Protein chains: 2
Amino acid sequence: METTTLQRAYDVYEDRCPTRLVLDRIADKWALLILDRLRGEPVRFNHIRRDIKGISQKVLSQTLKKLERDGLVSRTVYPTVPVTVEYALTPLGQTLTETVATLAHWAERNMDAVLTAQKTYDAAAELR
Amino acid sequence: METTTLQRAYDVYEDRCPTRLVLDRIADKWALLILDRLRGEPVRFNHIRRDIKGISQKVLSQTLKKLERDGLVSRTVYPTVPVTVEYALTPLGQTLTETVATLAHWAERNMDAVLTAQKTYDAAAELR
DNA sequence: GAAACAAGGTTTCCAAACGAAACTAGGATA
DNA sequence: TATCCTAGTTTCGTTTGGAAACCTTGTTTC
């Protein structure tokens, strides 16, 4: 009888599971907006920056780099003048587009319900 | 001809759109894990804490409070001894369960692809 | 009657992360 | 020489995050 180390399946509920790191990457406001924006054709750095209003260059740069490292986004440099850099979803990233779009735009469809809930909550808290 | 202020539709790509605040709430590692855990029957505070390994009481408490304020989660107190507090998804929160589950568990299904991508990326960065 | 335990939190404190603004690089254009 | 372009990086003050200790109400144990 041999002794083997059982390879546990990945479990995001476990503290030290590497999936936690990935979840932390995609469960992020800016990452979701970027992934959502990249649905469709490739987009250049400053184009993304203009479209996602309020994102800083630093955060855009950092987030793209992490998404690229995790294989969700590809980065292509064209030696034009000035240089052109295009970002696009990889096939892996494309597996998330539907989910990302649903989550990113959920607030747009349910904003009124959320605002109503907040008013109710705040009114009740007022009485305490 | 009368002049009216056109009420623009909510747009999460706009900087000051209130949907951004809601996106920030749900596009969060802990919030997603909590919402995922609440699928099904109501769960007590310490039960959630035990299940989502590594979450601190402070973060659990804060996140639940925000989710409750936004109308995604309900909080029910039972006057037992000691007191029992149950959290559950509201109907509004339930509209997110499918999406949340897909995103929260995406990493479990794609971890190997992500790890491979990271290795490739790091090896290429090494050469620079 | 003094500890210990239970549930459900809050407070404290230090480190890590964030964002706005300034700065950089390489080259083209005026 | 000065300015503009894309695509970033750096700086620095502020905010947020997590770990650990503490709190409250009430029961059981010693």
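Predicted model, so just to flag it, every value in this text is computed and none were measured. Residue numbers start from 1 in every chain, and the chains themselves are labelled A, B, ... in the order their sequence lines are given, proteins ahead of strands. Heavy-atom basis, side chains included; hydrogens, waters and symmetry copies ignored.
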_Distance below 4.0 Å between A:R75 side-chain N/O and D:dG8 OP1 or OP2_ =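 The answer is yes; a side-chain N or O of A:R75 sits under 4.0 Å from OP1 or OP2.
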_With a 4.0 Å limit, can you tell me whether A:R50 has a side-chain N or O closer than that to the phosphate oxygens OP1/OP2 of D:dT6?_
no
If we only count heavy atoms from C-beta on, is the [X] to [Y] side-chain gap below 4.5 Å?
{"X": "A:D70", "Y": "B:Y121", "value": "no"}
{"X": "B:F45", "Y": "B:R50", "value": "no"}
{"X": "B:Q118", "Y": "B:V114", "value": "yes"}

Check: protein-nucleotides 10-17 of chain C nitrogen or oxygen pairs below 3.5 Å:
unit_1 : atom_1 : unit_2 : atom_2 : d
C:dT10 : OP1    : B:K65  : NZ     : 3.1
C:dT10 : OP2    : B:S61  : OG     : 2.7
C:dT10 : OP2    : B:K65  : NZ     : 3.3

*Specify the residues of residues 16-36 of chain B, ordered by number, for which at least one heavy atom lies under 4.0 angstrom from an atom of DNA chain C.*
none
*asked:* Contact list please: residues 78-90 of chain B against DNA chain C, heavy atoms, distance less than 4.0 Å, in numerical order.
replied: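 By residue number: B:P82, B:V83, B:T84, B:V85, B:Y87.
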Is it the case that the side chain of [X] and the backbone of [Y] share a donor-acceptor pair, with hydrogens and angles ignored and the cut-off at 3.5 Å?
{"X": "B:T19", "Y": "A:E108", "result": "no"}
{"X": "A:N110", "Y": "A:A113", "result": "no"}
{"X": "A:S61", "Y": "A:Q57", "result": "no"}

_Intermediate values then yes/no, side chain to side chain contact (heavy atoms under 4.5 Å, CB included), B:W106 and A:V22_ = CA-CA 9 Å; B:W106 182 89; A:V22 178; 3.9 Å; yes
Within this structure, what is the [atom1]-to-[atom2] distance between [X] and [N], rounded to whole angstrom?
{"X": "A:R49", "N": "D:dT6", "atom1": "CZ", "atom2": "C1'", "result": "10 Å"}
{"X": "A:L60", "N": "C:dG19", "atom1": "CG", "atom2": "P", "result": "12 Å"}
{"X": "A:N46", "N": "D:dT9", "atom1": "CG", "atom2": "P", "result": "13 Å"}

*Scan B:R44, B:R39, B:R37 and name whichever one has a salt bridge (charged side-chain N to carboxylate O under 4.0 Å, His left out) with B:D51.*
B:R37
